[in-house]
Structures are given as C-alpha cells and as structure tokens.
Amino acid sequence: MNLVDLRSDTVTRPTAAMRAAMAAAEVGDDVFADDPTVNALQERIAAMLGKEAALFVPSGTQSNLCALMSHCQRGDEALVGQMAHLYRYEAGGMAVLGSIQPQPLPQQPDGTLLLSDIAAAIKPDDAHFGRTRLLCLENTWNGQVLAQSYLDEATALARRRGLATHLDGARLFNAVVASGRPVQEITRPFDSVSVCFSKGLGAPVGSALCGSKELIARAHRVRKMLGGGMRQAGVLAAAAMHALDHHVDRLADDHANARRLADGLGGIDGITVVRPDTNIVFASVAGERTVALLAHLKQRGVLATGLIGLRFVTHLDVDTAGVDRTVAAVSEFMSA
Ligand SMILES: *Cc1c(COP(=O)(O)O)cnc(C)c1O
C-alpha cells in the first residue's frame, strides 16, 4: 500500500523530470562563484522577488540565520513572533551563533504581531538596552496568508523607528498563489526575504536569501562561516530552477486538496477543522484521542503530525485519492 504522507510538504521526492534537470546541470565551484546554474538561480530569484541579489543556501534555517547575522551585530535585538519558525524551531541559532537577543512577541491567531506590541518592544537608545535592529515576520504562517495591509503597516512602523525588516517566506509562493497577489507586492516592503525550494516547490534541498547587494555580500561571508559554502551546487540549483518552472502554479492543486480534506474532515462528528488558506490543515479531535487517531491513520497508511493539534500538509506527492483515503480513515476511527 502506498503511503499518504501528510506530515509535511518537505517529504516530496524529486520527480523524474526534476532528476533529469539535476543530472543535466552545468556546474562549477560555487565557492569560487563559478557555478553557472547557481548563478542563474540567484539572479532569477532575486529578479522575481524584486531584490538586487540572492544567495543560494542549503536550508531555510541557514537562510534565516544568514539574514539575522547580516542585519544584526552581537548584542543587537530582533523582534520575532513567539511561535515564529526562526525563533522557536531553529535551535536558538540566532542567540547561540549570532549573539543576537530575540525579543519574542505574542502572535495573534492570524500570525500577526500587534503594531502596539512592536512599538512598545522597540527599546530606547540607552546603555541599559540591546539595540533593537530588526523586525522578522513569517508568511505564510501556519499555512495562513498575512494581509498585505498588515505587512505594509508593520514594516512601515519598523522603518520609521530605524529597524530593518526580514520576511521568512519559506512558503512565500503558497501565499502568492493563494492570494493571487504579485510576489513583489508581498516582498517589496522587506529588506530581506528567505524562500524555500524544499517545501511545496518540491526540490530536495535549498533556500534562497534575497536582499540588497550589500546585505547579500555580508550574508555570503556568514554562509561560509556556517559551513554552507557548497561546491558543485548546480545540481541542487537545477532542481530549484525546475521547481520555479513547473511547481509554482500547481501549488493551487495542493490548496484545493487541502480544502477538500478540510471539507471532508469537517463533516465528521467530533472533529473540528480550521479552514485552510493554503496547504496546511489543522484539526482537533474531541477528547484526548489525538495519539490514538494518529496510530489508527498510520495503520491505514496515512501519516500526519500531532504536535500542535492534528496537522495535515498537502503537497506534490498527495492526490485527491490520498485525501479521500485520509478522510475515510478518520471517519472509520471516529465511528468505531
Ligand atoms: C521549513 C521552514 C524553515 C526552515 O527550513 P529548513 O530548510 O527546514 O531549515 C523556516 N521557516 C519556515 C516558516 C519553515 O516552514
């Protein structure tokens, strides 16, 4: 029985066409800036996002850390969401490796930080305090698309107060496809943007950090320091190129599958579902039955996670039949 793996959109396997593109990639030593495929990818993604330059890095975690360490000096402070990936799920890298002090702020249910919380957290220029340097936002957050008016207002506030701004756009293209907004409208107000090729875009490895030439030059040194300088990385950049060619528009299919899953689960007694904006469906089960439900699903060849409620993520390797099998397995468990 083939698995329906809804644990994450990182579980996708490169398609045959993507593997062919990787095998055919022209390569060089990227540490000497000699890899033509990496160079082409960096130019392409920078132009797409409306930034001067880009840097190809092995992971989203390293991309965010390169951004943080390029914007901030030791002892500087970054304003981050309490549940933001770069604060909560990156092993404390900004503090451990960057000596950057995170100032976490509570996130509203839609992923935003209140403007009043941001304003109140910016420290005065006084020897008692770290220098507040950077505001970090995440879009999509938990699969939700942040409102453009919010992104514009929060970044404008940061700029007025002399802060730089970073967007963790690991799933930026999900936000683009779901909202129908041009990508540059979303990225324009940010000084730097990180985007992952290895999530819904389906590449095996890789993220890009985009920003000004000056910022990316600093990030280039940080990447080397973090061990992220890769050699014939064109085989990986070719996968990302292929993803940009073929896997952006089709994110709409993942979103449709997520809605189909939410609709199906929503019809089952005892299951509460949050309507998805993009490809992530959160649900909860009445009583303390999450662990038992996950075990039942596993027996039926369906994988999901239960860390923050039930979470199902649709992607390239999940089709409508897999979605329907998932709904049937949940229904079977709930009516047992
Ligand atoms: C996955 C993810 C990252 C980190 O990417 P890795 O490649 O797993 O290091 C960063 N931010 C968000 C929002 C993510 O979902």
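Read the numbers this way: they start at 1 and go in the same order the structure lists the ligands and their atoms.
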J.: For D126, is the CG atom crowded, meaning more than 12 foreign heavy atoms sit under 6.0 Å from it?
T.: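 For D126, atom CG is crowded (more than 12 foreign heavy atoms under 6.0 Å).
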
J.: In plain terms, say whether R231 and D35 are close enough for a salt bridge, that is, a side-chain N and a carboxylate O under 4.0 Å apart.
T.: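 No, no charged N to carboxylate O under 4.0 Å.
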
J.: Name the residues in contact with ligand 1, where contact means a heavy atom under 4.0 Å away: which are they?
T.: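 Shell around ligand 1 (4.0 Å, heavy atoms): S59, G60, T61, N64, H85, E90, E138, D168, A170, R171, C196, K199.
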
J.: Got a salt bridge between D5 and R13, using NZ or NE/NH1/NH2 to carboxylate O under 4.0 Å?
T.: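 Answer for the salt bridge query: no.
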
J.: Using 4.0 Å as the upper bound for N to carboxylate O, is an ion pair formed by D254 and R171?
T.: no

J.: Regarding D324 and R260, does a basic nitrogen lie under 4.0 Å from an acidic carboxylate oxygen?
T.: yes

J.: Using modelled atom types only, decide if a donor and an acceptor are shared between the side chain of D277 and the backbone of V145 within a distance under 3.5 Å.
T.: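 Judged by distance alone, yes, a pair lies under 3.5 Å.
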
